[in-house]
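Below: one structure, written as structure tokens.
Protein chains get the first letters and strands the later ones, always in sequence-line order, with residue 1 at the start of each. Worth knowing before you read on, the calculation uses all heavy atoms, side chains too, and leaves out hydrogens, waters and symmetry mates.
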2 protein chains.
Amino acid sequence: MEFSERISSLQPSAIREIFKVIGDPSIISFAGGNPDPRSFPVEQMSALAENIFKNDPVTAFQYSVTEGYPRLRRLIAERLSSKFGIGSENDDVLVLTGGQQAVDLTSKILVNDGDTVICEEPSFIGALNTFRSYRANLVGVPMEDDGINVEKLEQALKTEKNVKLLYLIPTFQNPMGVTMSDSKREKVYELAKKYGVIIFEDDPYGELRFSGKDVKRIKSLDKDGIVIYSSSFSKILSPGMRMGYVCAPKSILAKMTVGKQCADVHTNIFFQILVADYLEKCDIDAHIEKIRALYKEKNAAMLRALDERMPSFVKYTRPEGGLFIWCDLGDGFNTNDFSKKLISKGLAVVPGSAFLMDDKAASTAIRLNYSMPDFEQIDKGVTILAQTIGEEK
Amino acid sequence: MEFSERISSLQPSAIREIFKVIGDPSIISFAGGNPDPRSFPVEQMSALAENIFKNDPVTAFQYSVTEGYPRLRRLIAERLSSKFGIGSENDDVLVLTGGQQAVDLTSKILVNDGDTVICEEPSFIGALNTFRSYRANLVGVPMEDDGINVEKLEQALKTEKNVKLLYLIPTFQNPMGVTMSDSKREKVYELAKKYGVIIFEDDPYGELRFSGKDVKRIKSLDKDGIVIYSSSFSKILSPGMRMGYVCAPKSILAKMTVGKQCADVHTNIFFQILVADYLEKCDIDAHIEKIRALYKEKNAAMLRALDERMPSFVKYTRPEGGLFIWCDLGDGFNTNDFSKKLISKGLAVVPGSAFLMDDKAASTAIRLNYSMPDFEQIDKGVTILAQTIGEEK
């Protein structure tokens, strides 16, 4: 059988293959990006669900509109505006089936075969694979401690052909945990404007800050209608319900709506109502504070263990929020091989190569997740990591 | 802003624009494809949901695997096998975000720009728009009372270039309500095999038979691994939850899984568990019997009203199941204009042009839905239709 060109070149993602291994309870996983299950407000959601079944089951079970449940769209728009200064009268909110669908629909409406998408390098494998599935030309721009290298970004914008999209995770970046500085956000916005490129600001982790000073969202600078802001409820309520959203110019959303209609008609309406009820009747900010406190402790535990046990040549980031630490083992390590060795010792991590534009390249780094493992696993996993590094050197 | 070629040519679907009008309670709608709300087993689903919240909320709220909840996949596979003789050891089941996603992912993995997709003409607008979004060359083959015209199908298979897919709704077709005969199913299967084309058997309505003799699914003939069978729980449990599935050769599903990972990672897992529990603990066949009895009555009511009030030049189908009657008003009617006039009289229908390969062509037919309106609305709506036809002639 002959498959399409777009799918023939795509391989199942490295993360996904690792996910299969980590079903094994004897393996400690720093590999996933799963929230701590304690972050799910199960009791509140249960009570709200019971009410939906009692009061308005027909709306929750019937077909609904592609744009999303109107009350939820309004509540999201109000929250984005009041908390982050996001959204002008030219913008609107569209409810999507998880943050992943935002990347998919953005590619669908903007990217022709061979068009260029510029990304931070390394970047989120799920987004990179979606761009690949639209046969985009992926161009990576190196990262620094305060976000993307702005000079190299301008060079790429100047020299690459048919640049349609600048894909950024400015806050607690996946996989590096790095946050782009306010001054860089302004520069990046001006560059995108100058070169006529749409910014996709992917912000699934932005609310998970546990230290440092808040930064403004790039979307809050958007006077020119060039930023698609994407976030989701996956990291603050539940990833399993697949509930994301974008705030973007209405002209863009009109096209995304047509694309979504072709993709899945609309997002699960029961959970759209549930999340709207949650936003109206519960205190989501207080809930987020609890998650922040939890991840602050877990992040500190992992950093403490790394500080104690890593040899000096190993460098790692110290995130102010989010789910990930990026750990560079330095010259001589090919982490594709090294991560296989770690699995045989009982620890799963994601090799850095998964996050590169060239998915056949090697990397000396690994991504470590601290939201999912418990404190004992964090400690034990870092010990396995240190021992295995010791055996290699 | 410059949008992609694939999205620039796509217009919001006519049905969707009509959906907006029918939010108006003063308009009787024969336009949608919504199930009767009485078909939603709310009480049972509510009890099952309560149990999930109590017993296994973490699984229901956490990330899950792209292929779908293993227990649900097994239950679907068992039901397909025992009820319809569907599925060989080379096949497997993939859970999807509604039947629409099956069409989307099939296009993604099989259709390059300009490749041909052969469809029954008229056919389901949601599928046609998805094929268009992959820039497929749509080729329509006319319908007869017992399904697609087989001679013209062979001619199309012989003469069209790069035919990748044969899209069929063999049972209670949308929009015509027609069912393909057993003998034609065998001929169509042999033709697809002869010309090396994959069949997409779209079967959302197959369980909704209220009269006549059961037919075998084309997939039950599939000894050669050339049929993708797609169905969903939208018409038997709830469309709002967006829960569909395909049964297809494993080599095809492997590619669809990669595509789904890029599209939405996985389908809402809470509802996957809920549907699995429903299949295990409730009697879905007894529930379906109730829906059949309901639609049998509604279909009979609409046919009775049409028989009484339509002038003799109007021809309409007499479906043995499903949701739709296809009504051809005959020469002299352009139903794009006529359906606008109907709306001004208080009745919404979908003009036949929406279901044609050339979406700019005119049609003399309209599609009538009887599952959503109540008995009074069916009667009143057909009266409006008869009066408005009378004014035109």
Under 4.5 Å from any heavy atom of chain A, what part of V265(B) do you find: side chain, backbone, both or neither? both
Between atom [atom1] of [X] and atom [atom2] of [Y], what is the distance when rounded to the nearest 0.5 Å?
{"X": "E2(B)", "Y": "N162(A)", "atom1": "CD", "atom2": "CG", "answer": "7.5 Å"}
{"X": "Q100(A)", "Y": "Q261(B)", "atom1": "CD", "atom2": "CD", "answer": "8.0 Å"}
{"X": "F270(A)", "Y": "F271(B)", "atom1": "CZ", "atom2": "CZ", "answer": "5.0 Å"}
{"X": "M241(A)", "Y": "T267(B)", "atom1": "CE", "atom2": "OG1", "answer": "15.0 Å"}
{"X": "N34(A)", "Y": "S64(B)", "atom1": "CG", "atom2": "OG", "answer": "10.0 Å"}
{"X": "L105(A)", "Y": "D264(B)", "atom1": "CG", "atom2": "CG", "answer": "10.0 Å"}

Looking at side-chain heavy atoms only, is the closest gap between R6(A) and Y134(B) below 4.5 Å? yes
Please determine, among Q101(A), K164(A), K255(A), R38(A), the option with the most heavy-atom pairs under 4.5 Å with chain B. K255(A)
Greatest number of heavy atom pairs closer than 4.5 Å to chain B - which of T97(A), D104(A), I109(A): I109(A)
Need one label for [X]: side chain, backbone, both or neither, based on atoms under 4.5 Å from any heavy atom in chain B.
{"X": "Q272(A)", "value": "neither"}
{"X": "K260(A)", "value": "neither"}
{"X": "M256(A)", "value": "neither"}

Please determine, among P239(B), S39(B), A127(B), S238(B), the option with the most heavy-atom pairs under 4.5 Å with chain A. P239(B)
Which of A263(B), P37(B), G98(B) touches chain A most, by non-hydrogen pairs under 4.5 Å: A263(B)
Across all chains, not counting sequence neighbours, the ring pair (Phe, Tyr, Trp, His ring centres under 6.0 Å) partners of Y167(A) are F131(A), F200(A)
Check against side-chain contact (heavy atoms from CB on, under 4.5 Å), N112(A) and S4(B): CA-CA 5 Å; N112(A) 288 316; S4(B) 68; 3.6 Å; yes
Side chain of T130(A), backbone of C262(B): donor and acceptor closer than 3.5 Å? yes
Minimal heavy-atom distance between N268(A) and R242(B), with the atoms involved, is N-CG, 3.9 Å
Kindly give the heavy-atom pair with the smallest separation between L110(A) and F3(B), and that separation in Å. CD2-CD2, 4.0 Å
Under 3.5 Å, which donor-acceptor pairs do the side chains of residues 45-62 of chain A form with other protein atoms, sequence neighbours left out?
from: N55(A); atom 1: ND2; to: N51(A); atom 2: O; distance (Å): 3.2
from: D56(A); atom 1: OD1; to: T59(A); atom 2: OG1; distance (Å): 2.8
from: D56(A); atom 1: OD2; to: T59(A); atom 2: OG1; distance (Å): 2.9
from: Q62(A); atom 1: NE2; to: P35(B); atom 2: O; distance (Å): 2.9

